[in-house]
Number of protein chains: 2
Amino acid sequence: MSIGVAIGKVSQASGVKVPTIRYYEQIGLLPVPPRTDGGRRSYDRKDMERLTFIRHSRELGFEIDEIKTLLKLQDQPEQSCERADGIAREHLVAVKAKIASLQALQHELERMVEGCSHGRVESCRVIEILADHGQCQYHGEAA
Amino acid sequence: MSIGVAIGKVSQASGVKVPTIRYYEQIGLLPVPPRTDGGRRSYDRKDMERLTFIRHSRELGFEIDEIKTLLKLQDQPEQSCERADGIAREHLVAVKAKIASLQALQHELERMVEGCSHGRVESCRVIEILADHGQCQYHGEAA
DNA sequence: CTTGCTCCTCTAGTCACTAGAGAATGTAGG
DNA sequence: CCTACATTCTCTAGTGACTAGAGGAGCAAG
């Protein structure tokens, strides 16, 4: 039985800011926690994991709605294998697409940085490529 | 002396939507253009180039403030391009980290989907993978 | 001269936060 | 036990980078 953890501690541990945690509660991404006698939110280890997961997923470019689905997938692994499979498959497709897009972006950025001879803006490859769309190989969308 | 181009044409040519062009003018990213007798914005070739530059930079994940810096650099070709190079380099680092993390997620999703197809209701480790700091290489902020 | 397109300004909405005000609660020192 | 200070509470409003819609005016073709 763990004693409840205050929002500040959870914030520090998860890397999610305090107001953001309250915001997540508000939009239903995080379960409503019990309160202390004084009316303060009291979290447990599971909430902490959930928050770290959320933060990480956000950093990877997932939208809140996608994270909700992903969390549901975690919450009911025994329910319907088919359904879980479908959700996982969908996300797999999205993740693969995201990786492909980011790799294209990576190559383009590498091309820019490598081509830059560190001289003057006049002959800077970075500026040049940005200005001329024809020189660019990147046409996807980034997360 | 070129005859002014209407906002719709510039939009089509640059791939930036009409309201977005007006928005860019509002925030000072695009110079205020002259108007026709009827009060319509009239652009020239330079504006078009600038817009293409902006769109391209946005697609590559640069923020408006960064684009402002890049545009200022472009306007002074004599200067060193160190700053432009730095901005691009920073992005490259962030993008690489993101790809690594997404690949970890991809493997985990693949593992889940495979487990399902074999009839096993495997416990989902998506959260474990994404929530555990130790397993993750990505600690930067999203582009 | 009317039809229909483009353009104008303006306000408000989106997403995912972030900042600040003003009040209450919790805690460590004296 | 009292004070000082940190933390938390709720609430409203602001941010970035757009996007959508209302209501009206300009313009080119038939």
Side-chain angles (χ1 to χ4, degrees), chain A residues 3-30 32-44 47-48 50-71 141-143, chain B residues 3-30 32-44 47-48 50-51 53-71 87 91 94 98 140-143:
Chain A
I3 296 136
V5 183
I7 197 167
K9 301 283 170 199
V10 178
S11 169
Q12 271 199 313
S14 66
V16 180
K17 286 175 191 163
V18 170
T20 307
I21 295 173
R22 290 197 276 251
Y23 167 72
Y24 284 163
E25 180 187 328
Q26 204 185 299
I27 61 168
L29 189 60
L30 206 62
V32 176
R35 300 284 184 122
T36 65
D37 288 355
R40 296 180 171 203
R41 287 168 182 84
S42 175
Y43 296 97
D44 62 11
D47 294 314
M48 220 126 79
R50 209 176 168 90
L51 263 175
T52 309
F53 167 80
I54 292 167
R55 200 206 86 207
H56 200 166
S57 302
R58 288 291 302 132
E59 273 170 0
L60 291 175
F62 289 102
E63 285 166 23
I64 299 284
D65 267 6
E66 290 176 317
I67 297 171
K68 271 186 189 166
T69 311
L70 228 44
L71 282 168
E141 80 179 46
Chain B
I3 296 136
V5 182
I7 198 167
K9 301 283 171 198
V10 178
S11 169
Q12 272 200 314
S14 67
V16 180
K17 286 175 191 164
V18 170
T20 307
I21 295 174
R22 291 196 276 249
Y23 166 73
Y24 284 162
E25 180 187 326
Q26 204 184 300
I27 62 167
L29 190 60
L30 207 63
V32 177
R35 302 283 184 123
T36 64
D37 288 355
R40 300 185 168 198
R41 287 169 180 83
S42 175
Y43 297 96
D44 61 11
D47 295 314
M48 219 123 82
R50 208 175 170 91
L51 263 176
F53 183 99
I54 293 167
R55 202 206 86 208
H56 199 175
S57 302
R58 287 292 301 136
E59 268 172 7
L60 291 173
F62 294 100
E63 285 166 22
I64 300 283
D65 265 7
E66 290 175 318
I67 297 172
K68 271 185 189 169
T69 307
L70 289 170
L71 281 169
I87 290 173
H91 262 283
K98 226 178 199 177
E141 68 181 54

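Sequence lines set the chain letters: A, B, ... in the order given, protein chains first and strands last, and positions in each chain run from 1.
- Separation of atoms CZ (B:Phe62) and CZ (B:Phe53) is listed at 8.5 Å; rounding is to 0.5 Å.
- B:Arg50 CZ to B:Asp44 CG: the interatomic distance, rounded to the nearest 0.5 Å, is 11.0 Å.
- Rounded to whole angstrom, the span from the CD1 atom of B:Ile27 across to the C1' atom of D:dA17 amounts to 8 Å.
- One can place CD of A:Gln12 at 14 Å from C1' of D:dT8, the figure rounded to the nearest angstrom.
- Ranking C:dC8, C:dT18, D:dA17 by closeness to the B:Arg41 side chain, first place goes to C:dC8.
- Residue-to-nucleotide proximity on DNA chain C shows that, of A:Gly39 and A:Leu29, the 5′-proximal contact is made by A:Leu29.
- The CD1-P distance, from B:Ile21 to D:dT19, rounds to 12 Å in whole Å.
- Side-chain proximity of B:Arg40 to the nucleotides C:dC17, D:dG26, D:dT7 is greatest for D:dG26.
- One interatomic measurement links the two molecules: NZ of B:Lys17 to C1' of D:dG21, which rounds to 15 Å at whole-angstrom precision.
- Closest to the side chain of B:Arg58, from the set D:dT8, D:dC18, C:dT18, is D:dC18.
- In the set D:dC18, C:dC8, C:dT18, C:dC8 carries the atom at the smallest distance from any side-chain atom of B:Ile7.
- Note: OH (A:Tyr23) to C1' (C:dA19) measures 15 Å, nearest angstrom.
- The nearest whole Å value for the distance from the CG atom in B:Asp65 to the P atom in D:dC18 is 12 Å.
- Note: CD (B:Gln26) to C1' (C:dC10) measures 10 Å, nearest angstrom.
- Which of D:dA17, C:dC8, C:dT18 sits closest to the side chain of B:Arg35 comes down to C:dC8.
- Taking only side-chain atoms of A:Thr36, from C-beta outward, the nucleotide of C:dT9, D:dT19, C:dG26 with the closest atom is C:dG26.
- In this structure, CD on A:Glu66 lies 9.5 Å from CZ on A:Arg58, to the nearest 0.5 angstrom.
- Here the P atom of nucleotide D:dT8 and the CG atom of A:Asp37 are 17 Å apart, to the nearest Å.
- Note: B:Ile21 CD1 to B:Leu29 CG = 11.5 Å, rounded to the nearest 0.5 Å.
- Remark: B:Tyr24 is not in phosphate contact with D:dA17, judged by side-chain N or O atoms under 4.0 Å from OP1 or OP2.
- Of the residues listed (A:Ile67, A:Ile64, A:Leu71), the one engaging A:Ser57 in a side chain to side chain contact (heavy atoms under 4.5 Å, CB included) is A:Ile67, and it is the only one.
- At the heavy-atom level, A:Arg22 lies under 4.0 Å from base atoms of the strands shown.
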